[in-house]
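Throughout, protein chains are lettered first and strands after them, A, B, ... in sequence-line order, and every chain is numbered starting at 1.
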Number of protein chains: 2
Amino acid sequence: MVFAGQGDARRSMSLLWRADRPERPERRPGPGPRPGLSVDAIVTAAIAVADEDGMAALSMRAVGERLGRTAMALYTYVPSKSELLDLMYDAVHAELPTEYDGSGGWRAGLTGWARDTLEFHLRHPWVLQVSQARPVLGPHAYAGLDTLVRLLTATGLEARALRRLAGTLTHFVRGCAGTVAEARQAAAATGESDEAWWFARSALLGEVAPDFADRYPSLAAMETGSAPRPPAPDPGEGGEAAVPYLEREARETFDAGLDVLLDGIEAAVRHAGATGR
Amino acid sequence: MVFAGQGDARRSMSLLWRADRPERPERRPGPGPRPGLSVDAIVTAAIAVADEDGMAALSMRAVGERLGRTAMALYTYVPSKSELLDLMYDAVHAELPTEYDGSGGWRAGLTGWARDTLEFHLRHPWVLQVSQARPVLGPHAYAGLDTLVRLLTATGLEARALRRLAGTLTHFVRGCAGTVAEARQAAAATGESDEAWWFARSALLGEVAPDFADRYPSLAAMETGSAPRPPAPDPGEGGEAAVPYLEREARETFDAGLDVLLDGIEAAVRHAGATGR
DNA sequence: CGAAGTTACTTTATGGCGTAAGGAGTCGCA
DNA sequence: TGCGACTCCTTACGCCATAAAGTAACTTCG
């Protein structure tokens, strides 16, 4: 996990909310050479680096290079890499939809939110590696939270429950997104497909743990009871073969888990309706 | 997220399952100086470093130093830091309980599992930073999975559903653990308590976003509807003041979210029972 | 007994990282 | 015409993982 924002709190908040802009309203450069960069340009470039090459490739040197500058040039605009990460995190959250059609009820709304949030994290997997505790308190991050809470408010549950449900849903979606993102990253980094990876490992597993089914009976029972492992690719149902094994698995977990969560919320709503309120 | 295990698959699996041991049965040192270290000693030292100082402090140098060696000495036993991480991950999973009393029904069993797994991750927060896709295929990691699946099997749901529920529960528990772990880490790294952090930020937020309640109406409504933010510490209810704000919040999310999830599973069980097994 | 071969571990080196320090050039304003 | 503010650069430091090569300890074979 990458930590962020240890620096001066005032400077950090000013940057996040772009509160320094009014000081220089349009084109009053003051003394010194005209700035060639800007916080926005740096944040955009940094997001591009992280999107394309992953969090591990996000270095001050890489961002500077993309802008035709050295790493040190960035420090004129941004106090540290941590602060830059905060800015990236907030900026990218502007992509999240804020409006959902309420006519389908809260269940449809939350389903849409979950799907959009999953896809958002798959577009920007590095977001999952930014620490969640001591959250980034920027305008777009708050907007995303506000949207989720608005959707949850439609359940009619009390405020304390809403706060916890927001956390639960977020954990779930982030967990699912993380699995897919890491699978993709692993496939890209090693050049080995999920299927090839699993094939090699399961063969070795048989060598090294011939007593697997005895040691892990529940696991073995589940394996035989559910779909076969990828080395036996089902030839029918064409078209979905392009999606890698681990990713398909993760998306099914997402769909099923979301249903379970929403069923649980429905139970809470019924219960709250029954006991007054 | 830290990635692991890109190297030679055979060597990696042999290390995880300690399949090289038979080659040297007890005390037949062969030529060369007697080894002063062992894979186990290195893994234990590495876990100690990660537990005490966090994943960021886990360097080959640090592990070697703890064993009175240089960083390079470790490479005699372990092919790379990635493999060491896999070994750490699997070794630490030996701590997870594998037996649960089934007399309380599946709901009690899963609640116990979730609590134990949460506490496990809080003891070893660095585990959360090991990639989950392409999982570590070691004996103890499998044992942990087997335990969860065994508990889920008691619901009577079909194998495919079990697999997805296992993923959903894991995502949830890991998400909750991550929030707590990161909050602790942030507090330790900055020396600033959650309360102090939030107090400073909310004051700045008022300066920089005076229209907060208008911009984020749902969030504002939830704030006023639920417990007040920490700057107003409730003086009553003594004893729980020692637990930091963000951690208390995360634990409440854990309890509430787990109930919602289990309610959702209960609904699935009822539904499966209604539509013929 | 001594040489050869094998192994544990060290030293040194390479190319990465974030960022502190100091210098060079550019511009608005006095 | 400077002065001071400002952007951006070069250099440097101490980290990191790990490749390569050297040293010393030990067993085994001649």
Side-chain angles (χ1 to χ4, degrees), chain A residues 2-8 11 20 23-42 45-46 49-50 53-88 129 189, chain B residues 2-8 11 20 23-24 26-42 45-46 49-50 53-86 88 129 189:
Chain A
V2 181
F3 276 85
Q6 327 282 34
D8 175 18
R11 171 97 191 264
D20 294 332
E23 288 180 14
R24 284 217 198 162
E26 264 302 311
R27 276 262 125 194
R28 190 136 42 82
R34 203 165 287 105
L37 297 180
S38 66
V39 172
D40 285 330
I42 291 172
V49 170
D53 305 321
M55 189 67 122
L58 180 75
S59 69
M60 298 301 271
R61 283 174 171 85
V63 176
E65 210 158 295
R66 184 172 283 253
L67 294 164
R69 302 294 138 92
T70 65
M72 292 309 291
L74 309 183
Y75 286 90
T76 307
Y77 301 88
V78 153
S80 73
K81 190 183 177 182
S82 290
E83 306 280 350
L84 175 55
L85 250 162
D86 277 358
L87 293 168
M88 293 167 64
Q129 295 171 60
Chain B
V2 181
F3 275 84
Q6 328 281 37
D8 176 19
R11 170 100 192 262
D20 293 332
E23 288 180 15
R24 286 215 198 165
E26 264 301 309
R27 278 261 123 197
R28 190 135 41 82
R34 202 166 287 107
L37 296 180
S38 67
V39 173
D40 285 331
I42 291 172
V49 170
D53 305 321
M55 189 67 121
L58 181 76
S59 69
M60 298 302 268
R61 277 221 232 300
V63 177
E65 211 158 292
R66 183 173 283 253
L67 295 163
R69 303 294 140 92
T70 65
M72 291 309 291
L74 310 183
Y75 287 91
T76 307
Y77 301 88
V78 153
S80 73
K81 189 182 177 183
S82 288
E83 306 280 350
L84 175 55
L85 250 161
D86 276 358
M88 293 167 63
Q129 295 171 59

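Regarding B:Ile42, its CD1 atom lies at a distance of 14 Å from the P atom of D:dA17, rounded to whole Å. Rounded to an integer number of Å, the gap from CD of B:Glu65 to C1' of C:dC9 is 16 Å. Across the protein-nucleic acid pair, B:Arg69 atom CZ and C:dT10 atom P stand 6 Å apart, rounded to whole Å.
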Protein-to-nucleotide contact annotation, 5' to 3' order, nucleotides 15-26 of chain C [B base; S sugar-phosphate only; - none; under 4.0 Å, heavy atom]: --BBBBB---BB
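Here the side chains of B:Glu65 and B:Val49 are not in contact, with every heavy-atom distance at 4.5 Å or above. Residues A:Val63 and A:Leu74 form a side-chain contact, since some pair of their non-hydrogen atoms from C-beta on lies under 4.5 Å apart.
Within 4.0 Å of B:Ala73, counting heavy atoms only, lies at least one base atom of the nucleic acid.
Residue B:Thr70 places at least one side-chain N or O under 4.0 Å from the OP1 or OP2 atom of C:dT10.
Between B:Leu58 atom CG and B:Leu84 atom CG the span is 6.5 Å, to the nearest 0.5 Å. Atom CE of A:Met60 is separated from atom CZ of A:Arg69 by 14.0 Å, given to the nearest 0.5 angstrom.
Not counting sequence neighbours, the partners of A:Thr70 by the side-chain contact (heavy atoms from CB on, under 4.5 Å) test are A:Met72, A:Ala73.
For the pair B:Tyr77 and B:Arg11, the tightest heavy-atom approach, listed with the atom from each and the gap, is O-NH2, 3.7 Å.
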